[in-house]
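Just below is one structure, and these are the notes that go with it.
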Number of protein chains: 2
Amino acid sequence: MENSAENVRSQMRKGVLEYCILSILDKKEAYASSILDELKAANMIVVEGTLYPLLIRQKNQGLLSYRWEESTQGPPRKYYCITDKGRQQLGEMDVAWQEIVDTIRTIKEQQR
Amino acid sequence: MENSAENVRSQMRKGVLEYCILSILDKKEAYASSILDELKAANMIVVEGTLYPLLIRQKNQGLLSYRWEESTQGPPRKYYCITDKGRQQLGEMDVAWQEIVDTIRTIKEQQR
DNA sequence: ATTAGTACTTTGTGTTGCAAGGTATTTGAA
DNA sequence: TTCAAATACCTTGCAACACAAAGTACTAAT
């Protein structure tokens, strides 16, 4: 209940994470740990307990598929890949995201 | 579970709503129904059952205060007003929002 | 008196992010 | 050989939140 700055960020991440995952996988297939790294690099900090269930949800919705691949070091990796349905959903998310950005701008602009 | 386009929007709204409320009240005090109207005008559709608990939460956190005012037509109105603490939180949210916008841009830009 | 309009409130449900802990595989050092 | 470290994936329990739906209360006009 403390750390309001971090809590603010956590709240805002909600609903945007799915959009980030699909956007990342739209570029190229990836496995969970590498997705985590990319999110961290982009300043969107997420933990494993958030990402894994999310990937499983999106897979169950038919937005993603996956395949196992051996690794040269460490256990095998589950490579996720966006599907046609996932790409369609991503298109809707692009529109929705732009709308929200515009909405915030509209509300903010009236201040002047 | 249907209407994926609307569901996408609903998910993305999560976490941004508090930011919108504080931003609106940072301009001038307002009562719930008028806030609803402003959100609708800005394309951020919200229903009563979402807004009222949110206002109460923010009031309980000390981000807002309110006063009753008689209306010339209809029941009295609860006018909400942002507090110093609310303005401070709004400042943090401004930063958090800009970070998320940048994050999305970063992820998207690598596609080219 | 009754209805319509305005405004505020509450209850129950499903989704989601997260902390914390767990399982499994590989590699390299003791 | 065994044991620790690194990598990777998964699960459980909890709290927060948006929403649908239904409810309460006040006012004004019919």
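Computed from a prediction, not measured in an experiment: that's the story for all the values here. Labels below follow one simple rule: chain letters A, B, ... track the order of the sequence lines, proteins then strands, and each chain is numbered from 1.
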Exercise. Got a salt bridge between B:Glu38 and B:Lys27, using NZ or NE/NH1/NH2 to carboxylate O under 4.0 Å?
Worked result: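 The answer is yes: the pair qualifies as a salt bridge.
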Under 4.0 angstrom between [X] side-chain N/O and [N] OP1 or OP2:
X	N	answer
A:Tyr52	D:dC10	no
B:Arg57	D:dC17	yes
B:Tyr31	C:dA7	yes
A:Thr50	C:dC18	yes

Integer-rounded Å distance: [N] [atom2] and [X] [atom1]:
X	N	atom1	atom2	result
A:Lys78	D:dT7	NZ	C1'	16 Å
A:Tyr80	D:dA8	OH	P	14 Å
A:Leu55	D:dC10	CG	P	9 Å
B:Ile35	D:dA18	CD1	C1'	17 Å
A:Gln61	C:dG14	CD	P	16 Å
B:Leu36	D:dA18	CG	P	13 Å
A:Arg77	D:dC10	CZ	P	14 Å
B:Gln58	D:dC17	CD	P	9 Å

Between [options], spot the one nearest the side chain of [X], thanks.
X	options	answer
A:Ile56	D:dT11, D:dC9, C:dG17	D:dT11
A:Val47	C:dC8, C:dA19, D:dA8	C:dA19
A:Val46	C:dC18, D:dC10, C:dG17	C:dC18

Exercise. Taking only residues two or more places apart in sequence or in another chain, which ones pass salt bridge (charged side-chain N to carboxylate O under 4.0 Å, His left out) with A:Arg57?
Worked result: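 Listed in chain order: nothing, the list is empty.
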For this session: Kindly write out the residues that satisfy side chain to side chain contact (heavy atoms under 4.5 Å, CB included) with B:Tyr52, not counting sequence neighbours, or none if the list is empty.
Result: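 With sequence neighbours excluded, B:Tyr52 shows a side chain to side chain contact (heavy atoms under 4.5 Å, CB included) to B:Ala32, B:Ser33, B:Glu48, given in chain and number order.
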Exercise. Mapping A:Ser34 and B:Glu18 to their closest nucleotides on DNA chain D, which lands nearer the 5' end?
Worked result: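 Counting from the 5' end, the first nearest nucleotide belongs to A:Ser34.
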Exercise. Would you say B:Thr83's side chain and B:Gly62's backbone share a donor-acceptor pair under 3.5 angstrom?
Worked result: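 Checking the backbone N and O of B:Gly62 against the side chain of B:Thr83, a donor-acceptor pair under 3.5 Å is found.
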Exercise. For the side chain of A:Lys85 and the backbone of A:Gln61, is there at least one donor-acceptor N/O pair under 3.5 Å apart?
Worked result: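 It does hold such a pair.
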Exercise. How long is the span from the OH atom in A:Tyr19 to the CD1 atom in B:Ile100, to the nearest 0.5 Å?
Worked result: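 It is 12.5 Å, given to the nearest 0.5 Å.
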Exercise. Does any donor-acceptor pair link the side chain of B:Glu48 with the base of D:dC19 at a separation under 3.5 Å?
Worked result: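 There is none.
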Exercise. Should the pair A:Lys78 and A:Tyr66 be classed as cation-pi, given the thresholds of under 6.0 Å to the six-membered ring centre and 45° from the axis?
Worked result: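 Here A:Lys78 passes the 6.0 Å and 45° test against A:Tyr66.
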Exercise. What is the per-nucleotide protein-contact pattern of nucleotides 23-30 of chain C, from the 5' end, where B denotes a base atom under 4.0 Å from a protein heavy atom, S denotes such proximity for sugar-phosphate atoms only, and - denotes neither?
Worked result: --BSS---
Exercise. Contact class for A:Glu69 (heavy atom, under 4.0 Å): base, sugar-phosphate, or nothing?
Worked result: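 A:Glu69: no heavy atom of the nucleic acid under 4.0 Å.
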